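Everything numeric in this text was worked out from a predicted model, so none of it was measured. Note on naming: letters A, B, ... go to the chains in the order of the sequence lines (proteins, then strands), and numbering restarts at 1 for each one.
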2 protein chains.
Amino acid sequence: MARILQERAPLVRNASAAATELIREAIVDGRLPPGQRLKEEELARELGISRTPVREALLILQAEGLVDAAPNRGAVVRSHDADDLEDLYQLRALLEGYAARRAAASISEAAVAGLHASCERFESLIEGDVQELVKENLLFHNVILDASRSRRVAELVRKVIELPLVYRSYIWYSVEQRRISAHYHRQITRALEARDGERAELVMKEHVYEARDVLVSKVREAEERE
Amino acid sequence: MARILQERAPLVRNASAAATELIREAIVDGRLPPGQRLKEEELARELGISRTPVREALLILQAEGLVDAAPNRGAVVRSHDADDLEDLYQLRALLEGYAARRAAASISEAAVAGLHASCERFESLIEGDVQELVKENLLFHNVILDASRSRRVAELVRKVIELPLVYRSYIWYSVEQRRISAHYHRQITRALEARDGERAELVMKEHVYEARDVLVSKVREAEERE
DNA sequence: CTTGACCATACAGTATGCAATCCGCATCGT
DNA sequence: ACGATGCGGATTGCATACTGTATGGTCAAG
């Protein structure tokens, strides 16, 4: 497992928090694949710290749902089957739809302008780098979550979508599907601009459902092959 | 802080899990009031274990949102203001409403019978013991969460409502309000029986909203007095 | 050749000691 | 009198040593 967890900056604040972030990132972007065993001693050695902060990190990640742990048997990177993902996206649609509806009621002019700008950038990336597209997509959704003015919902959505496959799902998108995504972003922005909460919710939900369809079908395909 | 955390049964399986449950229960039913400092050594002494499992317990409870912790300054029991509770109940209405809608599609005859039985018991407790009423209410909601067949939603709701005030809120109910609660339970059960998801969702939401109204107004009153 | 018990080993669970940090208080200087 | 500075106690953060438990392998008996 060498070289998987190299930190580039000085350890953030304290060892536990740093370990948590490094391991989380490694899981989310796939360097630690689902099913991978996470041995405390090994991780500690790699991060140059003792087992105690590693244990704390694993505990936090377990609470976040990124790792599974059994008593006396250690932790593994949690894996998600297609049913699981379907459930998760259903929940995401519910929460982000709700966030969009709430955002319509209270979103600022500045935030709307920000969303339009994000749409521009998203559109210009349709035939461009996937990595950048993912980042822009994340930004768009985050602006709406913040505008919903519900701390709990925003927090929840961020936790819920914190999964390897979710972040990487744009990889599966065809150019045509990217265009449709861009269109939905624009339509959501317009609905918010017009203070039309119902419509913002509606489009957001469909946007999430389509993401679910792509992802779930790809995962089911992969499951077939086994 | 003597005598607050006495365990009655043999320690569940391991010390961390036992500590987590004991502290959680103490917070939820109010023996550890909001704002109370949670010193590791003190808790360890009281539970007859070392600081390590106590640290782990506090970490878990922090992830659950029951305690706040600042680096190098320890943990305190988290307190919730009225705005916070309002946000939380809004979220609860959304999630439990959704759970009720889903439950309508797939609930078993047996579960419906169970709900009717719960309604009977709830009605017979209207002028009875609050403690029992709270328990019966919890049972009712749990049956629906299980029937929703969405592991994540059920899990989420249980985490979200895991708060001292939520469990104790029936204390504030008048007999008339209890009657109305009983009526809503019955109506929800009937809607589920008739496979009417939309109506089950509707009534569930109103049921939660009314709980919110009672609780938030009581908390605002208490905040005024300061 | 199969099956069961035992043992070795690897790893998680817990305890404890020491270092780092924070906070209150007193002392000093302006 | 008031703010800055430094000291000491309290408490968390981390490391390490020890203990308990699960698993896989080996060997003997059937």
By nearest-nucleotide position on DNA chain D, the 5'-leaning member of Arg73(A) and Glu56(A) is Glu56(A)

Are any side-chain N or O atoms of Glu86(B) and backbone N or O atoms of Val216(B), one a donor and one an acceptor, separated by less than 3.5 Å? no

> Do Tyr89(A) and Ile161(A) have side-chain heavy atoms sitting under 4.5 Å apart?
Replying inline: no

Taken to the nearest whole Å, CD1/Ile49(A) to C1'/dG13(D) is 12 Å

Produce the list of close N/O pairs, under 3.5 Å, pairing protein atoms with atoms of nucleotides 5-7 of chain D; give distances to one decimal.
none

Out of dT16(D), dG13(C), dT12(D), minimum distance to the side chain of Asn14(B) belongs to dG13(C)

Of the candidates dA15(D), dT12(D), dA12(C), the side chain of Arg51(B) sits closest to dT12(D)

The reported gap from CG in Leu58(A) to CD1 in Ile23(A) (rounded to nearest 0.5 angstrom) is 5.0 Å

Would you call the rings of His185(B) and His141(B) parallel, tilted or perpendicular, where under 30° means parallel and over 60° means perpendicular?
perpendicular

Any side-chain N or O of Thr52(B) less than 4.0 Å from the OP1 or OP2 oxygen of dT14(C)? no

With five pairs defining each end axis, the helix from dC1(C)-dG30(D) to dT30(C)-dA1(D) comes out bent, to 10°, by 10°

Taken to the nearest whole Å, NZ/Lys39(A) to P/dT9(C) is 16 Å

With Glu64(B) as partner, the option from Arg158(B), Arg24(B), Arg78(B) fulfilling salt bridge (charged side-chain N to carboxylate O under 4.0 Å, His left out) is Arg24(B)

Q: Check whether the side chains of Thr20(A) and Glu56(A) place a donor and an acceptor atom closer than 3.5 Å, and report yes or no.
A: no

Q) With a 3.5 Å cut-off and just heavy-atom distances, do the side chain of Ser16(B) and the base of dT14(C) make a donor-acceptor pair? A) no

| message | Pairing donors with acceptors under 3.5 angstrom, does anything connect the side chains of Tyr167(B) and Asp29(B)? | response | no

So do Arg178(A) and Leu125(A) actually touch side chain to side chain, heavy atoms under 4.5 Å?
no

Taken to the nearest whole Å, CG/Asp68(A) to C1'/dA12(C) is 16 Å

In whole angstroms, the gap separating P of dC11(C) from CZ of Arg37(A) amounts to 7 Å

5'-most contact on DNA chain D (nearest-nucleotide basis), Asn72(A) vs Glu40(B), goes to Glu40(B)

In whole angstroms, the gap separating P of dG9(D) from CD of Glu41(B) amounts to 16 Å

Open item on the list: Between Arg212(A) and Gln90(A), do the side chains contain a donor N or O and an acceptor N or O under 3.5 Å apart?
Closed with: yes

Rounded to whole Å, CZ of Arg55(A) lies from P of dT14(C) at a distance of 7 Å

